[in-house]
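Below: the structure, in structure tokens.
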Amino acid sequence: MTDLDGQVAWVTGAARGQGRAHALALARAGAHVIVTDIAGQIDTIPYPLGTSAELEATAAAIADAGGKATTAVVDVRDADAVNELVGQVRTDHGRLDILVANAGICAFNPVDTMTTAQWDDMVATNLSGTFHCVRAVVSVMKQHRHGRIVGVSSGAGRGGMRDLSHYAATKWGIIGFIKSVALEVGAYGITANVVCPTTVDTPMVLNPASLKHFRPDLANPTADDARAIFAGLSPQGVPWLQPEEVTRAVMYLVDDPGNTTGSVIEVNLGTSASRA
Ligand SMILES: NC(=O)c1ccc[n+]([C@@H]2O[C@H](COP(=O)([O-])OP(=O)(O)OC[C@H]3O[C@@H](n4cnc5c(N)ncnc54)[C@H](O)[C@@H]3O)[C@@H](O)[C@H]2O)c1
């Protein structure tokens, strides 16, 4: 079993969903986990983002499991806030071993009517946010000659997706960025890898606005109304993953002794099996 005793991990977008699942697993493995989230709204996103109460609930779940967590509200779009957080972690713990750059947003916007604000918000959070966090942690990790960086892409980082051109651009961007970082940091005992989940059972996709995209024929579609559509994308007939199923891939990369870097793990329910 993974032993992270004495290590410090940071998970962004940890108020709920996949970030919460990753944070809980890292804490269960013994790491002190810094859990951060925007805990606020971005105007162009048509579903509620995480809240302070949800962020505190992540920390409470970690404490209930006997783990250690510190919470902070940090918007990954804000490079100064990210640097300040990492400076504080350095002061408090003297180290930062693991980054799971998980914070992200999604919205369905056809390209011909996409506003500049919709494009900019997507890039600022998903791609620039990942850059801000990775840039801030690398110098700390280099000092200790150890680090595990996990970027979070998507099935939309392996192919195009209709009405998600801005999202797909950021998720392809994360892969190019993380692979390049892997080349720069390898000599310092740091690995940098990416996980690409297919649809996951979280509010990012299973929210009213996005469900309407999949079932425009219904006034107020539920997740159950869209289940068959998602299941049809998977050779296994499974509609979506649970967050903990993505956590397995994150923990593999965190636990890896250094044999795997610059790589991409698809947790895909077979949805990309017919692509190169
Ligand atoms: N849900 C899916 O189907 C799916 C599929 C593939 C990849 N992903 C990716 O997985 C990651 C986690 O998403 P999720 O499914 O858990 O969704 P989610 O919406 O439940 O969680 C995302 C979290 O990120 C936070 N966040 C958003 N913008 C932020 C910002 N600027 N700064 C800090 N925090 C911010 C939100 O408040 C939220 O708590 C994202 O990067 C997403 O793109 C999701």
Side-chain angles (χ1 to χ4, degrees), residues 10-24 34-58 71-79 81-82 85 100-108 120-133 150-159 161 164 166-175 178 194-207 209-211 213-214 223 226 230 233 239-247 249-250 264-269 271-272:
W10 175 26
V11 182
T12 68
R16 67 183 192 203
Q18 296 176 66
R20 179 182 287 179
H22 304 336
L24 200 48
I34 315 299
V35 288
T36 64
D37 202 278
I38 188 172
Q41 202 50 37
I42 294 175
D43 287 347
T44 54
I45 297 306
Y47 59 91
L49 298 179
T51 65
S52 294
E54 289 174 314
L55 186 59
E56 293 308 323
T58 297
T71 60
V73 172
V74 177
D75 182 341
V76 297
R77 295 174 299 175
D78 181 345
V82 165
L85 185 272
V100 185
N102 164 79
I105 54 175
C106 184
F108 290 87
D120 287 348
D121 285 346
M122 198 65 70
V123 173
T125 292
N126 296 1
L127 187 54
S128 302
T130 299
F131 158 61
H132 294 152
C133 297
V150 182
V152 179
S153 178
S154 163
R158 305 274 76 189
M161 286 195 186
L164 285 179
H166 48 358
Y167 183 78
T170 66
K171 294 300 185 180
W172 279 85
I174 286 169
I175 293 174
I178 293 285
V194 179
V195 292
C196 283
T198 188
T199 305
V200 188
D201 181 4
T202 72
M204 172 173 288
V205 175
L206 302 186
N207 64 68
S210 132
L211 291 168
H213 176 85
F214 291 98
F230 284 99
L233 303 173
W240 40 66
L241 297 160
Q242 292 305 313
E244 293 72 18
E245 290 163 329
V246 183
T247 300
V250 170
V264 178
I265 297 185
E266 294 187 42
V267 189
N268 63 7
L269 291 172
T271 54
S272 57

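Note that ligands are numbered from 1 as they come in the structure, with each ligand's atoms numbered from 1 the same way. These numbers come from a predicted model, not from an experiment. What you see below is based on every heavy atom in this structure, not just the backbone, and it leaves out hydrogens, waters and symmetry mates.
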Legend entry - Nearest atoms (heavy-atom pairs only) where A14 meets D37: N-OD2, 3.3 Å
Legend entry - Per-residue contact class, K171 against ligand 1 - non-hydrogen pairs under 4.0 Å: side chain
Legend entry - L49, portion touching ligand 1 at heavy-atom distance under 4.0 Å: both
Inset, instruction - Compute the shortest N/O to N/O distance between N126 and ligand 1 and return yes if it is under 3.5 Å, no if not. - result: no
Legend entry - For ligand 1, the portion of Y167 having any non-hydrogen atom under 4.0 Å away: side chain
Inset, instruction - With heavy atoms of I105 as the reference, note each atom of ligand 1 found under 4.0 Å away. - result: 27 (C), 28 (N)
Legend entry - Proximal ligand 1 atoms for V74, defined as those under 4.0 Å from one of its heavy atoms: 32 (N), 33 (C)
Legend entry - Proximity flag T198 to ligand 1, non-hydrogen atoms under 4.0 Å: yes
Inset, instruction - Name the closest protein heavy atom to atom 7 (C) of ligand 1, giving the residue it belongs to and the distance to 0.1 Å. - result: S153 O, 3.2 Å
Inset, instruction - Name the closest protein heavy atom to atom 41 (O) of ligand 1, giving the residue it belongs to and the distance to 0.1 Å. - result: N102 O, 2.8 Å
Inset, instruction - Start with the C-alpha gap between D121 and R77, add the side-chain angles, then the distance that decides, and say whether side chain to side chain contact (heavy atoms under 4.5 Å, CB included) holds. - result: CA-CA 9 Å; D121 285 346; R77 295 174 299 175; 4.1 Å; yes
Legend entry - Under-4.0 Å heavy-atom contact with ligand 1, by part of T202 that carries it: side chain
Inset, instruction - Below 4.0 angstrom from a heavy atom of G50, which ligand 1 atoms are there? Numbered from 1 as shown, please. - result: 36 (C), 37 (O), 38 (C), 39 (O)
Inset, instruction - Going by heavy-atom distance to atom 27 (C) of ligand 1, choose the closest among G104, G13, A21. - result: G104
Inset, instruction - Determine whether any heavy atom of G129 lies closer than 4.0 Å to an atom of ligand 1. - result: no
Inset, instruction - Return yes or no for this condition: an N or O of T199 is under 3.5 Å from an N or O of ligand 1. - result: no
Legend entry - Parallel, tilted or perpendicular: ring planes of F230 versus W240, cut at 30 and 60 degrees: perpendicular
Inset, instruction - Begin from the C-alpha positions of V82 and F131 and carry the test side chain to side chain contact (heavy atoms under 4.5 Å, CB included) through to its verdict. - result: CA-CA 10 Å; V82 165; F131 158 61; over 6 Å; no
Legend entry - Spacing of CG belonging to L269 relative to OG1 belonging to T199, to within rounding of 0.5 Å: 8.0 Å
Legend entry - P243, portion touching ligand 1 at heavy-atom distance under 4.0 Å: neither
Legend entry - Per atom 25 (C) of ligand 1, closest listed option by heavy atom (L55, V246, D37): D37
Legend entry - Close side-chain approach of T44 and M122, heavy atoms under 4.5 Å: no
Inset, instruction - Apply the test side chain to side chain contact (heavy atoms under 4.5 Å, CB included) to residues I38 and V76: give CA-CA distance (whole Å), side-chain angles for both, the deciding distance (0.1 Å), then the verdict. - result: CA-CA 7 Å; I38 188 172; V76 297; over 6 Å; no
Legend entry - For Q18, atoms of ligand 1 separated by under 4.0 Å from a heavy atom: 1 (N), 4 (C), 8 (N), 9 (C), 10 (O), 11 (C), 12 (C), 13 (O), 14 (P), 15 (O), 16 (O), 44 (C)
Legend entry - Short side-chain to backbone donor-acceptor contact, D201 and L241, under 3.5 Å: no
Legend entry - Atom indices of ligand 1 within 4.0 angstrom of D75 heavy atoms, with elements: 30 (C), 31 (N), 32 (N)
Inset, instruction - Report the nearest protein non-hydrogen atom to atom 32 (N) of ligand 1: residue, atom name, distance rounded to 0.1 Å. - result: V76 N, 3.0 Å
Inset, instruction - Could you walk me through whether I175 and C196 pass side chain to side chain contact (heavy atoms under 4.5 Å, CB included), step by step? - result: CA-CA 9 Å; I175 293 174; C196 283; 4.0 Å; yes
Inset, instruction - Give the atoms of ligand 1, by number and element, whose distance to some non-hydrogen atom of P197 is under 4.0 Å. - result: 5 (C), 6 (C), 7 (C)
Inset, instruction - To the nearest 0.5 Å, tell me how far Q41 CD sits from I105 CD1. - result: 9.5 Å
Inset, instruction - Using distance alone, decide if ligand 1 has a nitrogen or oxygen within less than 3.5 Å of any nitrogen or oxygen in V152. - result: no
Legend entry - Shortest non-hydrogen separation from G19 to V11 and the atoms involved: O-CG1, 3.5 Å
Inset, instruction - Check each atom of ligand 1 against the heavy atoms of P203 and keep those under 4.0 Å away; list them by number with element. - result: 20 (O)
Inset, instruction - Using the side-chain contact (heavy atoms from CB on, under 4.5 Å) rule, pick out the option among T71, T36, V35, L24 that qualifies with T58. - result: V35
Inset, instruction - Considering the heavy atoms of A103, write down every atom of ligand 1 situated less than 4.0 Å from one of them. - result: 24 (O), 33 (C), 34 (N), 35 (C), 41 (O)
Legend entry - Heavy-atom pair with the smallest gap, counting every atom of V194 and S153: CG1-CB, 3.5 Å
Inset, instruction - Please determine if A14 has a nitrogen or oxygen closer than 3.5 Å to a nitrogen or oxygen of ligand 1. - result: no
Inset, instruction - Of all the heavy-atom pairs spanning A249 and V195, show the shortest one and how long it is. - result: CB-CG1, 3.8 Å
